[in-house]
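Lettering of chains follows the sequences in order, A, B, ..., and the numbering in each one begins at 1.
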There are 2 protein chains.
Amino acid sequence: MKLSTKGRYGVMAMVDVAMNGDDGPVSLKAVAERQGLSESYLEQLAGSLRKAGLLTGIRGAQGGYTLAREAGEITVGDIIRVLEGPIAPVECASEEKGPVQHCANSQGCVAKSVWVKLRDSIVKALDSVSLADLCDEAKQDGGCLPPV
Amino acid sequence: MKLSTKGRYGVMAMVDVAMNGDDGPVSLKAVAERQGLSESYLEQLAGSLRKAGLLTGIRGAQGGYTLAREAGEITVGDIIRVLEGPIAPVECASEEKGPVQHCANSQGCVAKSVWVKLRDSIVKALDSVSLADLCDEAKQDGGCLPPV
DNA sequence: ACAAAAACCTAGCACGATGGTAGGATTAAG
DNA sequence: CTTAATCCTACCATCGTGCTAGGTTTTTGT
């Protein structure tokens, strides 16, 4: 039940772009430096986010990325889905229903109700928070202490 | 955001023991056959569940496992925690707080509120369902269709 | 006493995902 | 025409997952 770094870094990057994109596009170099992440790894994540329609890429010098939609219209769930795939604690309880949904046995079927319940609460939690929400929090809190 | 087979199989096995344990202990061989799982892999899971105080092992012929507590007193969350570790979508938002909790940077801190929210809904979903609940469902539904 | 059935224990191992790096090609600003 | 950036593809080391194998102990039934 762990999120991979893709999802985590992706959210960090999107928040960074949202907060620093007021005057022109934000370069991944800047994001990488501020967030302490690898730039070339970020490139791959940004590529996925662009293809999914969450980021707009601007090439050439002084280029970078901007949000493709308003910060209030992009949820954490959107980002996670792009970078980690459909939300599904177990395959048979995926958001996106696969080819045929049948159970290997009756017991497996029983547990399914928990997995569906679990999936729904994950979806609800992730979809109820937008980038704008996170930016507002950040401005209020004023950030936290740097690492030791 | 996937559960590993440990958690899934563990829940399946516990439900199986709960439902078939009325007359004596349930052997892993029987569980493996009914659920279509590897017996030796199940042994490892059962070992962890026993050490964690969820199962009681009875050795020798006609031995097997019984629930160490009543089915109503064992939640799915209990099982998952034993087999997959503390519930934590990301490390900095773990149920069990690690050595020191500080953020690498202010942006990481911002996202943290989502992760905590996410963790809480996962915990709530998993802790609100007991083995007894799953058994009741199973008896009502009467199982579902076998695989194709 | 002995054979069978079970829990219990440990080591190892193949595979795939994760978390990157490397090196380039294209595009645009100055 | 140099520089800074996106964009693209291939590769790779490491680690967790999902097992298998092969034993030992313990208990029951004959």
Side-chain angles (χ1 to χ4, degrees), chain A residues 1-13 16-17 20-21 23-33 35-52 54-68 80 83-86 88-91 104, chain B residues 1-13 17 20-21 23-33 35-52 54-68 80 83-85 88-91 104:
Chain A
M1 293 303 299
K2 285 263 192 314
L3 226 56
S4 77
T5 57
K6 287 181 191 171
R8 275 200 297 134
Y9 293 0
V11 172
M12 288 166 76
D16 190 283
V17 169
N20 299 99
D23 29 55
V26 183
S27 74
L28 289 186
K29 189 180 180 191
V31 175
E33 274 170 10
Q35 306 296 331
L37 304 175
S38 146
E39 186 181 346
S40 35
Y41 190 39
L42 268 183
E43 275 184 8
Q44 297 173 40
L45 306 185
S48 302
L49 292 168
R50 181 179 54 79
K51 283 168 194 159
L54 298 185
L55 282 179
T56 304
I58 297 164
R59 303 180 68 160
Q62 317 306 321
Y65 288 94
T66 59
L67 297 186
I80 298 296
L83 298 173
E84 312 235 358
V90 312
E91 247 180 83
Chain B
M1 292 304 297
K2 285 263 191 315
L3 224 56
S4 77
T5 57
K6 287 181 192 172
R8 276 199 299 134
Y9 292 1
V11 172
M12 288 166 77
V17 169
N20 299 100
D23 29 55
V26 182
S27 74
L28 290 187
K29 190 181 179 190
V31 175
E33 273 170 11
Q35 307 296 331
L37 305 175
S38 143
E39 185 181 346
S40 35
Y41 189 41
L42 269 183
E43 276 184 6
Q44 296 171 39
L45 305 185
S48 301
L49 292 168
R50 182 179 52 80
K51 282 170 195 158
L54 298 185
L55 283 179
T56 304
I58 296 164
R59 305 181 66 162
Q62 318 305 321
Y65 288 94
T66 58
L67 298 185
I80 298 296
L83 298 173
E84 312 235 359
V90 312
E91 249 181 84

Quiz item: Roughly how far, to the nearest 0.5 Å, is CD1 of B:I80 from CE of A:M1?
Solution: 8.0 Å
Protein-nucleotides 18-23 of chain D N/O pairs under 3.5 Å:
residue : atom : partner : partner atom : Å
D:dG18  : OP1  : B:T5    : N            : 3.4
D:dG18  : OP2  : B:T5    : N            : 2.9
D:dG18  : OP2  : B:T5    : OG1          : 2.6
D:dG18  : O5'  : B:T5    : OG1          : 3.1
D:dC19  : OP2  : B:Y9    : OH           : 3.0
D:dC19  : N4   : B:Q44   : OE1          : 3.3
D:dT20  : OP2  : B:S38   : OG           : 2.8
D:dT20  : O4   : B:Q44   : NE2          : 2.6

Quiz item: Base, sugar-phosphate, or nothing: which does A:K2 touch, judged by heavy atoms less than 4.0 Å apart?
Solution: nothing
Quiz item: Counting only side-chain N and O atoms of A:R50, is one of them less than 4.0 Å from OP1 or OP2 of D:dT6?
Solution: no
Self-check item: Within residues 57-66 of chain A, residues whose heavy atoms come under 4.0 Å of DNA chain C
Solution: A:R59, A:G60, A:A61, A:Q62
Exercise. Please round to the nearest 0.5 Å and tell me the distance separating atom CD of A:E39 and atom OG of A:S27.
Key: 7.0 Å
Quiz prompt | Spacing of A:L42 atom CG relative to D:dC8 atom P, expressed in whole Å | solution = 16 Å
Quiz prompt | Test item: B:L54 and B:L67 side chains (from C-beta on) under 4.5 Å apart, heavy atoms | solution = no
Exercise. List the steps, then state whether side chain to side chain contact (heavy atoms under 4.5 Å, CB included) holds for B:Y41 with B:T5.
Key: CA-CA 10 Å; B:Y41 189 41; B:T5 57; 3.3 Å; yes
Exercise. Calculate, to the nearest 0.5 Å, the distance between atoms OH and CG belonging to B:Y9 and B:L37 respectively.
Key: 5.5 Å
Practice problem: Hey, could you give me the CD/NZ distance between A:E84 and A:K2, rounded to the nearest 0.5 Å? | Solution: 12.5 Å
Quiz prompt | Leading and trailing nucleotides of DNA chain C with any atom under 4.0 Å from heavy atoms of chain A | solution = C:dT18 to C:dA29
Quiz prompt | Closest heavy-atom pair and its distance - B:P25, B:Q62 | solution = CG-O, 3.5 Å
Exercise. Rounded to the nearest 0.5 Å, what's the gap from CD on A:E91 to CZ on B:R8? Could you check?
Key: 7.5 Å
Quiz prompt | Interatomic spacing from CE in B:M12 to CG in B:L42 - rounded to 0.5 Å | solution = 9.0 Å
Quiz item: For A:Y65, which of A:I58, A:V26, A:L28 qualifies under side-chain contact (heavy atoms from CB on, under 4.5 Å)?
Solution: A:L28
